[in-house]
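Below is one structure, written out as structure tokens, with a few remarks after it.
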Amino acid sequence: MKMIYKGSLGAILGLCLCLSAVAQDLTTPKTDTVAVKKYKPFNVNLQVRNLYLWRGFKVSNSPITDVDMHYTTKDGSFSAGFWGGAGFNGEYKEFDYYVSYVKKGFNFSVWDINNVTDFPNANLFDYKRATTSHFIDVTAGYQFGDAFPISINWSTIVQGRDTHVTSNGSLANNYSNYVVLDYRVWKEEGTNVHLFAGGGFAFGRDENFYGSKPNVVNAGVTLNKDLVVFSHHMPIAATAMFSPEHNYGAIQLIVNAF
């Protein structure tokens, strides 16, 4: 009788434990296993380029690295930061500040661009037209949706070393403009191809920051690709650029290290 009693008691306890486990499973809320990307307001990015092209200029003929250290709001619309580049051979040096805003296809940015390559004795806080290494560039643009994959950006240099000599011998701003159209002609998972053309000009005069006359200064094709190396994503961009104003061309390769 004791053996039967003990066996019955064990069976009852086992049944209670099973029912308790089932009840706990039904009442315990399930946890979401989908990873949520954590918001990081401060970040830094590093790029490596075989040379540096900017709006039709060969800013550096030798390889460079550039660093973007910035703050971004949680919705990603506003950013502010510092951007700097340096050439492998030590010739090219640049240190910029910027703010930018992007919303529903519209974008607006202000850059204080300070390329000191040709200003060995540059004063960081010198903004006088005759001696400064700075120029302040303001850009506004709009990017259409996938149904019409084209973007347009208009940039104007509002202050700094974009100047000309007036009839009375003083320096005045050129207020040079750069307008660029970009059209995505092909897209596949992880890869896309863009055609672009940009022109430089200044109102009321031929000579401007980008050339001796109004002209196309920057045209070509860019291929963007998401390169994966040992599970690490390293986006790359290759650009073949032609400058009718400067009568030269070049290919730039950018590797986004992180």
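Put simply, Phe201 and Val180 are part of two different groups of oily side chains (I, L, V, M, F, W, Y) that touch within less than 4.5 Å, one to the next. The hydrophobic cluster containing Tyr183 does not contain Phe242, counting ILVMFWY residues as joined when their side-chain heavy atoms lie under 4.5 angstrom apart, directly or transitively. Under the 4.5 Å side-chain heavy-atom criterion for Ile, Leu, Val, Met, Phe, Trp and Tyr, Met69 and Tyr97 are members of the same hydrophobic cluster. One hydrophobic cluster, built from ILVMFWY side chains closer than 4.5 Å, holds both Val110 and Tyr101. Leu46 and Leu227 fall into different hydrophobic clusters, where Ile, Leu, Val, Met, Phe, Trp and Tyr are joined by side-chain heavy atoms under 4.5 Å apart, directly or via other members.
With hydrogens and angles disregarded, no donor-acceptor distance shorter than 3.5 Å links the side chain of Arg49 to the backbone of Ile254. Between the side chain of Arg129 and the main chain of Leu171, a donor-acceptor pair closer than 3.5 Å is present. Judged purely by atom type and a 3.5 angstrom limit, Thr72 has no side-chain atom pairing as donor or acceptor with the backbone of Gly76. Under the 3.5 Å distance criterion, the side-chain polar atoms of Glu91 are left unmatched by any main-chain donor or acceptor of Thr117. Under the 3.5 Å distance criterion, the side-chain polar atoms of Thr73 are matched with a main-chain donor or acceptor of Phe78. A donor-acceptor contact shorter than 3.5 Å links the side chain of Asn50 to the backbone of Leu253. In this structure a side-chain-to-backbone donor-acceptor pair under 3.5 Å is missing from Asp112 to Ile136. A donor-acceptor pair is defined here as one N or O able to donate and one able to accept, closer than 3.5 Å; such a pair exists between the side chain of Ser243 and the backbone of Val217.
Expressed to the nearest 0.5 Å, how far CE of Met234 lies from CG of Asp226 amounts to 10.5 Å. If you take CG on Asp146 and NZ on Lys187, they are separated by 4.5 Å, rounding to the nearest 0.5 Å. The NE2 atom of His70 sits 10.5 Å away from atom CZ of Phe42, with the distance rounded to the nearest 0.5 Å. Considering OH of Tyr52 and OG1 of Thr65, their distance stands at 12.0 Å, rounded to 0.5 Å. Atoms CZ and OG1, from Arg161 and Thr163 in turn, are 10.0 Å apart once rounded to the nearest 0.5 Å. Atom NE2 of His233 sits about 13.0 Å away from atom CG of Asn256, to the nearest 0.5 Å.
Taking each heavy atom of Ala80 and Val99 in turn, the nearest pair found is CB-CG1, 3.8 Å. The minimum heavy-atom distance linking Ser133 with Ala122 is given by the pair OG-CB, 3.7 Å. In terms of heavy-atom proximity, His164 sits nearest to Asn173 at CE1-O, 3.5 Å. Taking every heavy atom of both residues into account, Arg205 and Glu207 meet most closely at NE-O, 3.2 Å. Ala237 and Asn224 make their closest contact through CB-OD1, 3.3 Å (heavy atoms, listed as atom of the first residue, atom of the second, distance). The two residues Lys103 and Ser77 make their nearest non-hydrogen contact at CD-CB, 4.3 Å.
No hydrogens or angles considered: nothing links the side chains of Asp126 and Thr132 as a donor-acceptor pair under 3.5 Å. Neither side chain, Asp66 nor Tyr92, offers a donor N or O lying under 3.5 Å from an acceptor on the other. Between the side chains of Thr222 and Gln252, no donor-acceptor pair is found at a separation under 3.5 Å.
For Gln143, the CD atom is loosely surrounded, since the number of other residues' heavy atoms within 6.0 Å does not exceed 12. Within 6.0 Å of CZ in Phe258 there are more than 12 heavy atoms belonging to other residues, nucleotides or ligands. When the shell of 6.0 Å around NZ of Lys213 is examined, it contains more than 12 heavy atoms from other residues, nucleotides or ligands. The number of heavy atoms from other shown groups lying within 6.0 Å of CD1 (Ile251) does not exceed 12. For NZ of Lys58, the number of neighbouring non-hydrogen atoms (other residues, nucleotides, ligands) closer than 6.0 Å is greater than 12.
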Go through the steps for Leu223 and Val221 under the test side chain to side chain contact (heavy atoms under 4.5 Å, CB included), then give the verdict.
-> CA-CA 7 Å; Leu223 185 149; Val221 57; 6.0 Å; no
Apply side-chain hydrogen bond (donor to acceptor under 3.5 Å, both in side chains) to the pair Asn174 and Asn208, showing each step before the final yes or no.
-> CA-CA 6 Å; Asn174 284 333; Asn208 60 82; over 6 Å; no
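Here the rule is ring pair (Phe, Tyr, Trp, His ring centres under 6.0 Å) with His134, and of Phe125, Trp111, Phe95, Tyr127 only Tyr127 fits it. With respect to Leu181, the side-chain contact (heavy atoms from CB on, under 4.5 Å) criterion is satisfied by exactly one of Asn153, Ile152, Leu195: Ile152. None of Phe135, Trp83, Tyr98 except one satisfies the side-chain contact (heavy atoms from CB on, under 4.5 Å) rule with Ile113; the exception is Phe135. Test Ser100, Ser79, Ser155 against Ser109 for side-chain contact (heavy atoms from CB on, under 4.5 Å) and you get one pass: Ser100.
The aromatic rings of Tyr210 and Tyr178 are tilted relative to each other, their planes meeting at an angle between 30° and 60°.
Aromatic ring centres of Phe196 and His194 lie farther apart than the 6.0 Å criterion allows. Taking the six-membered ring wherever Trp is involved, the centroid distance between the rings of Phe57 and His246 falls below 6.0 Å.
Between Arg55 and Asp137 there is a salt bridge, since at least one side-chain N of the basic residue sits less than 4.0 Å from a carboxylate O of the acidic one.
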